[in-house]
Amino acid sequence: MSFKRGQETMLTREEAIRRIQQLRETLSESNRLYYVENAPVLSDFEFDALMKELSDIEKQHPDLVTPDSPTQHVGSDLSGSRQGNKEFAQYPHRYPMLSLGNTYDITEVEAFADRAAKSIGNSFTFSCELKFDGTAICLTYRNGVLFRALTRGDGTVGDDVTENVRHISNIPQKLSGSGFPDEFEIRGEIYMPYKAFDRLNEERLRDEDPPFANPRNAASGSLKLIDPEEVGHRGLECTLYHMLGENLPFGTHDQALNAAKSWGLPVSDKRRICRNISEIEEYIRYWDTERKFLPFATDGIVIKVNELPYQTELGYTAKFPRWAVAYKFKAEQALTKLLSIDYQVGRTGAVTPVANLEPVQLSGTVVKRASLHNSDQMELLDIHVGDYVYVEKGGEIIPKITGVELSRRGTDVTLPRFPDRCPDCGTLLVRDEGEAKYFCPNTDGCPTQIKGKLVHFISRKAMNVIAGDATIEQLYSLGLVKDPADFYSLSKEDLLRLEGWKDRSAQRFLDSLEASKKVTFDHVLFALGIRYVGESTAKELASYFKNIDALSAASREELLQVEDVGEVIADSLTAYFKDGKHLEMISRLKAAGLRFETESNEGPVSDVLKGKTIVISGNFSIPREKMKQLIVSHGGKNSGSLSGKTSFLLAGEKPGPEKMKKAEAEGIPVISEEDFMRMLSRGSGDETEETADNKAGRPDNRQLTLF
Ligand code: IVH
């Protein structure tokens with residue numbers, strides 16, 4: 001591997017400080033990408049090696065350990081209100097939800113067993129289990145009924161995903177059998193079996209959504225979906241492996257899990273009680289091979305002290321139990337020769353290096369190409385064309401190169417040079433600050449980008465025109481379509497002159513174009529392919545600005561008022577609408593009859609919220625999207641975060657505790673849904689008697705003086 005592993009030599013204090021800082025930054029960012037974005041950049045092995053290096057340096061320099069070091073806390077999966085993810089209510093864990101110490105080295109499992117024996121003697125057993133590769137969940141059952149489901153969060157507080165979990169088919173709402181405690185917690189893993197994962201990714205590729213990198217990411221992404229029904233369609237499953245509660249009536253972990261199984265809870269039947277290290281090793285050896293035939297992903301074996309009183313005696317560190325350890329399997333790797341590197345340009349102009357490899361067998365398929373991500377990754381790996389490289393799949397669709405076997409480097413290798421010009425149109429590439437990728441800035445002249453944009457324009461979630469990539473290639477190469485507006489001036493005669501077109505196919509294409517004129521404004525906006533404006537941002541923008549004229553005239557500050565719009569998106573939008581070519585194309589699309597305004601564009605229903613900036617939090621009796629529309633239709637502005645400009649926080653059920661705390665600290669009024677609806681009905685002139693009564697009788701009229 002090209003990154004440093006382990007820290008064999010003692011570092012000077014200055015070196016240690018520098019390396020610790022580097023490692024903490026890399027690990028924290030990697031934790032965020034893994035747990036929050038569900039888009040990991042490091043393999044588990046790389047991550048674990050860097051974590052071990054940090055922990056080794058901290059052991060040598062204990063005074064440099066700080067509480068915020070990634071060695072001292074578990075990675076956090078808590079969500080903010082990001083695109084596609086609602087804010088979940090958060091609740092504290094009754095017992096901290098920790099991680100597991102892990103190793104790739106069997107001698108460290110032996111050391112774990114020896115340490116345990118030193119503390120608790122020799123009369124104990126081990127429960128050996130599969131380490132399921134999913135996302136951790138904590139279920140609470142009260143009187144035999146599922147009461148709450150929390151994610152691990154930051155280990156202390158978790159996201160409440162109860163409604164989503166109710167749609168996972170093997171999690172019972174009600175326990176069967178008898179003898180369960182009045183209240184207990186049971187923790188486990190939500191995972192996505194390979195079959196469901198493949199189906200989901202096929203669907204996403206068809207819809208031109210980015211596929212999930214692996215089943216683990218797909219599981220944690222799906223668990224945090226907005227729509228519980230959709231969660232039900234994702235094919236998630238659960239396995240439970242740790243029961244907690246006050247005075248549980250069991251002597252061993254194994255008995256607790258057997259009881260859980262008898263109450264109808266999903267518990268793995270692949271567990272085994274081992275009496276010594278050789279039985280543990282036998283279990284590891286067996287599953288290292290057999291796991292390849294399981295229908296779901298596993299990434300190791302968990303070895304636990306089985307007797308509960310001994311678990312209590314051994315206790316916990318800040319991050320791990322001392323009574324369990326994970327032995328992790330290395331992802332399957334293949335070693336092969338790097339023949340050449342292609343640089344591919346995407347629809348947005350991003351240039352991705354792709355390795356061409358000497359074909360090699362890996363986990364049942366032949367791998368010929370692998371991703372190299374970006375130029376930083378190439379540098380980090382110190383990769384040369386002609387090198388022998390390690391390729392990993394580990395459940396991921398596109399294999400990636402994870403290391404170079406330097407001992408096999410020949411003398412004829414060559415250092416690849418990331419191109420400074422676009423491989424398609426020759427324009428000088430640029431790299432914006434904070435971006436990992438190089439881009440071709442010739443957005444409107446680079447053939448690959450133009451074709452990519454045309455394909456995007458007609459795709460299902462955009463204009464939904466029935467045509468494939470080959471049609472676009474044909475129309476573009478013959479000069480018939482150079483931008484999306486050209487589609488709408490095509491005639492049947494134009495099409496019939498092209499090779500392979502018949503009356504029926506031409507008519508079908510033209511009908512489909514005609515039908516696309518009914519596509520709503522948010523989809524049209526998405527179809528324009530403005531950089532960083534995805535489906536959900538397009539929806540937010542359409543519902544906020546109502547029409548393209550208001551949107552294209554909006555200042556950066558106004559754009560920043562829209563939920564989901566940060567500086568990067570605001571800058572991209574202003575740059576897009578500054579370009580005369582884009583405005584000209586939009587006016588041709590308008591003339592063709594495409595919809596550039598939302599349906600209910602009759603103006604605001606009232607101006608009762610004029611000048612008010614409102615932040616919403618929690619669940620309402622109507623979908624959040626509708627609530628935001630309501631605010632806008634009454635003249636108000638919806639904003640994602642509390643600031644000095646916020647007029648009030650509209651709090652539904654289970655509002656975000658952080659927002660509530662901040663509102664209180666900053667004296668920002670908090671208004672309930674009920675009060676809010678009353679305000680609106682006053683504004684629309686249909687005030688009811690009941691409202692008037694309430695108004696008169698309200699002891700705290702701070703909210704009313706707002707209007
Ligand atoms: S026991 C106190 N058992 O692996 C920690 N964890 O990398 C108790 N995992 O956080 C956890 N399979 O999310 C346990 N059979 C198993 C597991 C398992 C998967 C996960 C779990 C844990 C992570 C650590």
Side-chain angles (χ1 to χ4, degrees), residues 34 38 40 43-45 48 99-100 102-104 106 109 126-137 168-171 186-202 211-223 234-242 253-254 257-258 260-261 264-274 279-304 324-334 361-367 391-400:
Y34 183 93
N38 293 311
S43 71
D44 278 11
F45 185 68
D48 292 337
S99 183
L100 283 173
N102 68 54
T103 180
Y104 292 84
I106 192 74
V109 177
F126 299 98
S127 171
C128 289
E129 305 166 11
L130 295 177
K131 184 165 171 350
F132 291 81
D133 199 8
T135 185
I137 193 75
I168 297 176
S169 61
N170 75 338
I171 296 181
I186 187 150
R187 293 176 177 177
E189 208 81 354
I190 305 279
Y191 61 93
M192 186 176 283
Y194 290 127
K195 233 190 197 157
F197 172 69
D198 290 343
R199 196 186 58 209
L200 174 64
N201 266 349
E202 267 166 34
F212 283 107
N214 53 46
R216 193 211 75 83
N217 299 134
S220 56
S222 302
L223 187 61
R234 292 272 173 112
L236 295 172
E237 288 182 15
C238 179
T239 182
L240 298 166
Y241 47 61
H242 188 200
H253 165 73
D254 188 47
L257 292 192
N258 288 340
K261 194 169 179 139
L265 290 163
V267 172
S268 169
D269 57 5
K270 311 280 188 283
R271 293 174 292 128
R272 185 180 152 194
I273 299 300
C274 294
E279 287 183 5
I280 296 175
E281 284 179 15
E282 193 187 311
Y283 183 86
I284 289 177
R285 259 198 314 277
Y286 177 79
W287 282 111
D288 199 359
T289 317
E290 283 304 304
R291 73 190 183 105
K292 288 164 200 157
F293 306 105
L294 290 171
F296 48 80
T298 53
D299 60 341
I301 296 296
V302 184
I303 302 121
K304 300 173 182 171
V325 73
Y327 171 84
K328 288 179 80 171
F329 300 125
K330 267 199 208 168
E332 272 192 274
Q333 284 189 332
Q361 275 281 345
L362 178 63
S363 318
T365 54
V366 177
V367 175
V391 193
E392 269 182 29
K393 253 200 335 199
E396 297 172 15
I397 310 192
I398 307 151
K400 59 177 190 169

When rounded to the nearest 0.5 Å, the distance separating CD1 of Ile273 from CD of Glu129 is 8.0 Å
Under 3.5 Å donor-acceptor pairs involving side-chain atoms of residues 286-299, not counting sequence neighbours:
residue : atom : partner : partner atom : Å
Arg291  : NH1  : Thr298  : O            : 2.9

OG of Ser220 to CZ of Phe212, rounded to nearest 0.5 Å, is 7.5 Å
Minimal heavy-atom distance between Ala196 and Arg234, with the atoms involved, is CB-O, 3.7 Å
Does Leu240 reach the side chain of Leu257, with side-chain heavy atoms less than 4.5 Å apart? no
CD1 (Ile301) and CD1 (Ile280) are apart, to the nearest 0.5 Å, by 10.5 Å
Correct closest heavy-atom pair for Arg216 and Gly134 would be CG-O, 3.2 Å
Taken to the nearest 0.5 Å, the spacing of Cys238 SG from Leu265 CG works out to 8.5 Å
All heavy atoms of Ala136 vs all of Glu189, minimum pair found to be CA-OE1, 3.8 Å
Student check: side-chain heavy atoms of Ile186 and His242 closer than 4.5 Å
no
### Query
Is any side-chain heavy atom of Tyr191 closer than 4.5 Å to a side-chain heavy atom of Pro215?
no
Taken to the nearest 0.5 Å, the spacing of Asp198 CG from Met192 CE works out to 10.5 Å
CD (Glu282) and CZ (Arg272) are apart, to the nearest 0.5 Å, by 5.0 Å
Smallest heavy-atom separation, Tyr104 atom then Lys328 atom, equals CD2-O, 3.4 Å
Next item on the list: Say whether, by atom type as modelled, one donor and one acceptor occur between the side chain of Tyr241 and the main chain of Gly188 under 3.5 angstrom.
Entry: yes
### Message
side chain to side chain contact (heavy atoms under 4.5 Å, CB included), that's the test. Do Asp269 and Lys261 meet it? Break it down for me.
### Response
CA-CA 10 Å; Asp269 57 5; Lys261 194 169 179 139; 4.2 Å; yes
On a heavy-atom basis, the closest approach of Ala219 and Leu236 is CA-CD2, 3.7 Å
Are Thr135 and Ile137 packed together at the side-chain level, in the sense that at least one heavy-atom pair is separated by less than 4.5 angstrom?
no
For Tyr283 and Leu130, the nearest pair of non-hydrogen atoms, with its separation, is OH-N, 3.6 Å
